[in-house]
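See structure below.
The figures that follow rest on heavy atoms only: side chains count, while hydrogens, waters and symmetry mates do not. Just so it is clear: chains get the letters A, B, ... in the order the sequence lines come, proteins before strands, and each one is counted from 1.
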Amino acid sequence: MIKIIQAKKILTMNPRNPIATHMSILNGRILQVGSIEKIAPVEKYELDDSFRDLVIMPGLVEGHSHLFEGTLWKKLYCGYFDRQKPDGSIQKGTKNVNELISNLKHAVDKIEDSKTALSGWGLDPIYFSDKNLDRVILDKVSEKRPIGILHASGHKLNVNSLGLKLAGFLRTGINHDGLPLGKDGIPTGEIRGAETIALVTKHVGLGKDWLSGDAEGLRNFGKICVRAGVTTATDLANLQTDEAVKTMLKVTSEADFPARIVSFRYMQGISPKELIPKVLELKKKSTENLRLGSIKIVADGSIQGFTARLKWPGYYNGAPNGMWYTAPEHIQEAYELALENNILVHTHTNGDEATELALNCLEVALAKFPKNDHRFTLQHCQLASTAQFKRMHKLGMCANLFSNHHFYWGDEHYSLTVGPERAHRMNACKTALKEKVPLAIHSDAPVTPLGPLFTAWCAMNRLTFSGRTLGDYEKINKMEALYAITLGAAFTLKIDHEVGSLETGKKADCCVLEEDPFDIDEIKFKDQKILGTIKGGKPHIIENSA
Amino acid sequence: MGIPLTLISGYLGTGKTTLINNLLRTTKKKIALLVNDFGDINIDESLIEARTDSVLSIAGGCVCCSYGNELIETLESMNSNEILPDHIVLEASGIALPSKIIQTISLMDFLAFHGTVLLTDASRLRSQLNDTYISDIVSLQIEQHDLLVLNKTDLLKEDELSKCIDTLSKRFEIRKFLKTVNAHIKEKDMLLDFAPSEKNKSDKIKLEKKQAHQFISSTIKPTGTINAHALCTLLRDPIYNIERAKGFFKDNRGEVFTIQYDGLTLEIKKTENEKDPVFVVIGKKNFYNEKEFVKKLNSIQT
């Protein structure tokens, strides 16, 4: 039967029919949007007026996140900022070492047996001013069970003495960049770099399996999506083992799973030639709720980790240039094979040299395999210059910029990584739009929390944590920001014909808000209340909204 | 002593696969070969006796494992194998730095590092050393060799080849050098027990051996206000090699703080004393980068 949803206001993001009060739905798709007089069908219909006092807009599209945001919550959150758990309760932020210790002690008391490791995530001691965290401090929590806490960046891990001992590193005679030594010549318990961390994680309850997309973590991710108003989220770097794909197919097809997932196959540990047939096979497994068959390439590292590839003059503090995470030749080969086989590629480029390399590779690849609508997208693309955005436009590329970065690391970028001028230019949304580059903006959850409305706030205000405005010129307006988190992101995923606006033929995927976002001041945009989502006509309402 | 391990490194296309195939064809040793992925390596099919997803059994008792994302686990599995190999040959990915891999190997006490064989492609070396995107990586790789192999010399004319060797000897400190065609190196040249090059140890340790621990200190009087977070980051930044720091500063709100850093612990406390901002910063001679630190400290003042 046809269902009609009534709302105080429906913001469609369709300029031909921008505002309405009713939307008719059949089989999860939109029949019509308008007033009840205009769209009421002749036959019998069901009217759902539970949204009559609320505002409905298209379901938000997160163009760069990772499913393990849902899985992380199995471990203790130790980040600086308050963060909402999948069940809606707020996990308070950890503001200093003393709070960290007391939170950890509290968590230890809850573990029944005496040997299980205590593990945490999200630590960001950049914001701590009191003490440098080391193993001795963590020993105060427990000397009898191993403790390991991953930093927010994922590139550092802090362990206690027992954790270090189990890994075989509680000793002198170690000479390793990833294991800084204390005065006693023994590692301090801070572990740096993915390679070194991998030697320790399994001893502190963070072995490689804990993040592999388990069904429960995936369901948690769905809950987080509802709270963020998101109905389509990308899973931007997944090795897509048979097991992981099976789990994703199963959970996303459950009747009450509230989001559509677009999962990209990560090109790692496999040559482009071997990857293409695998991805073509995966593409065939796509469903309404899980889209497969695209590739993610990581070109360089991160700016705050000094591993991104920067053009001259490089890092502001004089750190040497970063590393290639994928060989330039492999990027070239992958681009050519992907164009030939009509596969979408999103490439992580943080530094402007990485962006330049990606542009050069695509230019060469397109000359061999011309394609009009490839929608290759640069992800993060944080330092792109105006000239690079112009080239992106000419080559038909899209940009998904990391707007949240300004808030969380903008002060670091200003004073340490790239200096004032480039900190103002980072994530240049306005320039992207001016140069006609299709634009999306993202959270990279769990690096920063999933929340496109917060991301939009970041892109509109460009404020750092300390309150500094970085790059007034690059601010975008409310309409541009809302477009970037709906149709803009959908375009980069090649699904803008299905989601991103509310109009005839599209999926009935919506975000439910208390107020009209156009009535909310830009500076308060992040505080607006989300009441839930509608996916394929089925409402998912937050029960205990904070 | 541990299982001997030889690292085969070199940028993409320098002949690592060919070198490894040559070795497998001729060796009498039981070798465990670890490659980044089979797609890159193309082991000679005639040598393969059996295969599973990630392991190939090779004629003569050798095995070839693809480590993909799991280098460390694959290395650790070498130790738990019932039949230990005589020698492990590890093929680095084309963009990896040998020094990073060697550091990791050094943490595994069941392995004995036997040196890095670094391959270069004579026909592309000079253009790679001038390439915007890879010249720094290629240079660092070459710096970190124990045996430097100039491969594919047949692709160059004699005068070009001597220019190429000239470039290498001018730019790099060469430890042991071989010219080859088709990556043909004798096993005894390749699997020798090289003492790891000093270059491959961290610079810090190397310098410490030479220098007595003399300290230098600088007194800095900041004129502006300083963001506490930025100051912490700066003091802890390893590039300046600061051992100790002490002093007072005003933050952006004009409040006065004391700061104390002993190389490990950093304490910042608010103080009611109206002191003029001043820092004393101490570092080891030849390590502490005073000029850059002062410059940077000035730049974070507002």
(Q) Quick check for you: among A:S415, A:G318, A:G193, which has the greatest number of heavy-atom pairs under 4.5 Å with chain B? (A) A:S415
Q) Can you list the residues that meet the side-chain contact (heavy atoms from CB on, under 4.5 Å) rule with B:L12, with sequence neighbours excluded? A) A:A327, A:E329, A:H330, B:I95
Q | chain B contact residues among residues 296-310 of chain A, heavy-atom distance under 4.5 Å | A | A:R309
(Q) For the backbone of B:V294 and the side chain of B:N298, can you confirm whether one donor and one acceptor N or O come within less than 3.5 Å of each other? (A) yes
Q: Step through the shown structure and confirm whether more than 12 heavy atoms of other residues, nucleotides or ligands are within 6.0 Å of CZ on A:R468.
A: yes
Q: For each of A:N321, A:L275, A:N360, A:L199, tally heavy-atom pairs with chain B at distances under 4.5 Å, and name the one with the top tally.
A: A:L199
**Q.** Heavy-atom neighbours of B:K296 NZ exceed 12 at 6.0 Å
**A.** yes
Q) Among B:L107, B:L231, B:I300, which residue forms the greatest number of heavy-atom pairs with chain A at distances under 4.5 Å? A) B:L107
Q) Where does A:E190 contact chain B at under 4.5 Å (heavy atoms): side chain, backbone, both or neither? A) neither
**Q.** Backbone N/O of B:I134 and side chain of B:Q128: donor-acceptor pair under 3.5 Å
**A.** no
Q | Residue list, side-chain contact (heavy atoms from CB on, under 4.5 Å) with A:D124, at least two apart or on another chain | A | A:I126, A:Y127, A:A152, A:W409
Q: Please state whether the side chain, the backbone, both or neither of B:F257 comes within less than 4.5 Å of a heavy atom of chain A.
A: neither
(Q) According to side-chain contact (heavy atoms from CB on, under 4.5 Å), who are the partners of A:T241, at least two apart in sequence or on a separate chain? (A) A:E243, A:A244
Q. Does B:K16 use its side chain to pair, donor to acceptor, with the backbone of B:Y11 at less than 3.5 Å?
A. yes
(Q) Would you say the ring centers of A:Y408 and A:Y80 fall short of 6.0 Å from each other? (A) no
Q | Interface moiety of A:Y266 toward chain B, non-hydrogen atoms closer than 4.5 Å | A | neither
Q. Using the ring of each side chain (for Trp, its six-membered ring), is B:F249 parallel, tilted or perpendicular to B:F279, with breaks at 30° and 60°?
A. parallel
Q: Please flag which part of A:F169 lies under 4.5 Å from any non-hydrogen atom of chain B: side chain, backbone, both or neither.
A: side chain
Q: Just give me the residue among A:L179, A:T326, A:N317 that pairs up with chain B most often, heavy atom to heavy atom, under 4.5 Å.
A: A:N317
